[in-house]
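What follows is a set of notes on a single structure, which appears directly below.
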Amino acid sequence: MQFPRLPDWAIYSAVAGVLLAVSLGRRENADAPPAPPPPDEIEGALLGPVTPFDSTVTLDAPDTPFTPQSGTAFSIAGRGRWVTARHVVEGCRRPALVIGGGRAVAADVRLAPRADVALLITDGGPPALPVAAQTPLRKGQRAFHPGFPQGRAGEVTSRLLGRETLKVSGRGAHDEPVLAWAEVGRTDGLEGTLSGLSGAPVMDGRGRVLGVTIAEAPRRGRIYTTAPESFAPAIRGEQRADEVVLGEPVTIDNYGRVADALRRDLRVAQVVCLSV
């Protein structure tokens with residue numbers, strides 16, 4: 001028995017149909033990805049750049065020689081690179097990091113020329129905190145400041161207000177762009193000044209460092225930190241692309257626990273000036 005021979009156009013049409021069916025079956029999923037989670041309901045517009053119209057705040061630095069004090073530092077490289085506020089160690093002959101048990105490790109100092117930032121150098125150190133010095137900022141976003149206010153373990157949380165210019169008079173007089181934050185919470189039982197929190201990291205909700213805590217205005221409930229434009233150049237090249245960093249999300253519910261873990265692991269440490 002012989003079947004009739006199909007015309008060429010019918011064969012071509014059948015082959016084309018099979019290829020089209022296979023192609024559609026393997027079609028890449030073109031559905032849009034899920035929407036990102038909603039931002040914090042208090043966050044506002046993106047923070048703009050530095051301008052000559054930013055409001056100013058004045059900080060008086062004493063003209064007297066350096067007197068021993070304490071501050072806070074944080075690790076940005078496991079090979080022994082720490083950041084603190086410049087005024088914490090400027091003029092100190094023997095700055096050191098407290099490592100517990102009544103012991104401290106001496107550190108070399110490299111002062112940033114145009115920012116209240118100092119780099120402390122030791123022989124090795126703990127894992128680094130992730131640095132996001134140039135991440136976009138939004139007014140109203142929350143930050144966390146773990147450190148050693150009044151020389152004791154403590155932490156503060158704040159909301160970003162905007163940009164200001166810090167005018168430092170007296171010793172080391174200079175103008176510096178800063179970020180102003182409103183304090184909205186602190187360690188239970190911590191009253192009064194936040195002296196000693198200078199040099200603490202400013203951490204976002206993802207546990208990334210945005211800058212350095214450098215001053216406060218207690219009567220206004222304000223905290224001042226470095227601006228990205230001054231912080232990023234001061235630490236450029238210190239946290240390498242292959243750096244092993246440790247960070248975890250921070251919230252108003254866990255920031256006390258996260259701060260305790262950072263201090264326990266010495267990723268956030270107390271800075272002191274050793275007597276000569």
Can you give me every donor-acceptor pair (side chain of residues 179-186, partner residue at least two apart or in another chain, under 3.5 Å) with its distance?
| unit_1 | atom_1 | unit_2 | atom_2 | d |
| --- | --- | --- | --- | --- |
| W181 | NE1 | T225 | OG1 | 2.9 |
| E183 | OE1 | R186 | NH2 | 3.1 |
| E183 | OE2 | R186 | NE | 2.6 |
| E183 | OE2 | R186 | NH2 | 3.2 |
| R186 | NH1 | L190 | O | 3.1 |
| R186 | NH1 | G192 | O | 3.0 |
| R186 | NH2 | G192 | O | 3.4 |

Q | Nearest heavy-atom neighbours spanning R86 and P113 | A | NH1-CA, 3.8 Å
Q | Basic-acidic side-chain contact under 4.0 Å: E155, R263 | A | yes
Q: Write down the atom of A128, the atom of G78, and the distance for their closest heavy-atom approach.
A: CB-N, 4.4 Å
Q: Output the distance between atom OG1 (T84) and atom CD1 (I214), rounded to the nearest 0.5 Å.
A: 11.0 Å
Q.
Taking the basic N atoms (NZ, or NE/NH1/NH2) and the acidic carboxylate oxygens, is any pair closer than 4.0 Å for D260 and R257?
A. no
Q. Would E216 and Y224 count as a side chain to side chain contact (heavy atoms under 4.5 Å, CB included) if you check the C-alpha gap in whole Å, the side-chain angles of each, and the deciding distance to 0.1 Å?
A. CA-CA 6 Å; E216 67 165 331; Y224 299 100; 5.7 Å; no
Q | Residues that D108 engages under side-chain hydrogen bond (donor to acceptor under 3.5 Å, both in side chains), provided they are two or more places apart | A | none
Q) Do R208 and V131 touch side chain to side chain, with heavy atoms closer than 4.5 Å? A) no
Q: List the steps and the verdict of side chain to side chain contact (heavy atoms under 4.5 Å, CB included) for V209 and V202.
A: CA-CA 5 Å; V209 177; V202 186; 5.8 Å; no
Q.
Closer than 3.5 angstrom, by distance alone: can the side chain of D204 be matched with the main-chain N or O of A143 as a donor-acceptor pair?
A. no
Q) For the residue pair P149 and A153, what are the closest heavy atoms and their distance? A) CD-C, 4.4 Å
Q) Is there a side-chain contact between T213 and P201 (heavy atoms, below 4.5 Å)? A) no
(Q) Quick one: does any side-chain atom of E248 pair with a main-chain N or O of R206 as donor and acceptor, under 3.5 Å? (A) no
Q.
Would you say R81 and S75 are linked by a side-chain donor-acceptor pair, where the criterion is simply a distance under 3.5 Å?
A. no
Q. Any salt bridge between D242 and R240, counting N to O under 4.0 Å?
A. no
Q | Check: N254 side chain, P249 main-chain N or O, donor-acceptor pair, under 3.5 Å | A | yes
Q.
Within the 3.5 Å criterion, strictly below it, is a donor on S198 or H87 matched to an acceptor on the partner's side chain?
A. yes
Q: Tell me whether V212 is reachable from L266 by hopping between hydrophobic residues (I, L, V, M, F, W, Y) whose side-chain heavy atoms are closer than 4.5 Å.
A: no
Q.
Side-chain heavy atoms nearer than 4.5 Å, only ILVMFWY residues, links allowed to pass through others: does that put V88 and L111 together?
A. yes
**Q.** Flag side-chain contact, heavy atom, 4.5 Å: H145 against L197
**A.** yes
Q | Interatomic distance, D175 atom CG to L166 atom CG [nearest 0.5 angstrom] | A | 8.0 Å
Q) For residues T193 and Q150, is any side-chain donor paired with an opposing acceptor at under 3.5 Å? A) no
(Q) Distance check, rounded to the nearest 0.5 Å: R138 atom CZ versus T135 atom OG1? (A) 10.5 Å
Q) What heavy-atom pair brings P127 and L246 nearest, and what distance separates the two atoms? A) CB-CD1, 3.6 Å
Q.
When you measure from the side chain of Q239 to the backbone of L129, do you find a donor-acceptor pair of N or O atoms at a distance under 3.5 Å?
A. yes
Q) With side chains defined as the heavy atoms from C-beta onward, is the minimum distance between V98 and R103 less than 4.5 Å? A) no
**Q.** Donor-acceptor contact below 3.5 Å, side chain T72 vs main chain F148
**A.** yes
Q) Are I121 and V83 connected in the hydrophobic side-chain network, where two residues link if heavy atoms are under 4.5 Å apart? A) yes
Q. How long is the span from the OG1 atom in T187 to the CZ atom in R152, to the nearest 0.5 Å?
A. 9.5 Å
Q. Under 4.5 Å between any side-chain heavy atoms of V117 and T226, yes or no?
A. yes
Q | Heavy-atom pair of closest approach, residues A261 and R267 | A | O-NH2, 4.2 Å
Q: List for me each residue that meets ring-ring contact (aromatic ring centres under 6.0 Å, His included) alongside F144, sequence neighbours excluded, and say none if there are none.
A: Y255
Q: Any chance you could measure E176, atom CD, to S230, atom OG, to the nearest 0.5 Å?
A: 4.5 Å
Q | E238 side chain near R110 side chain, heavy-atom distance below 4.5 Å | A | yes
Q | L119 vs I76 side-chain heavy atoms within contact, under 4.5 Å | A | yes
Q | Interatomic distance, Q141 atom CD to L161 atom CG [nearest 0.5 angstrom] | A | 11.5 Å
Q.
Within the 4.5 Å heavy-atom criterion, are P146 and M203 side-chain neighbours or not?
A. yes
Q: Heavy atoms only: give me the nearest V250-G207 pair and the separation to one decimal.
A: CG2-CA, 3.9 Å
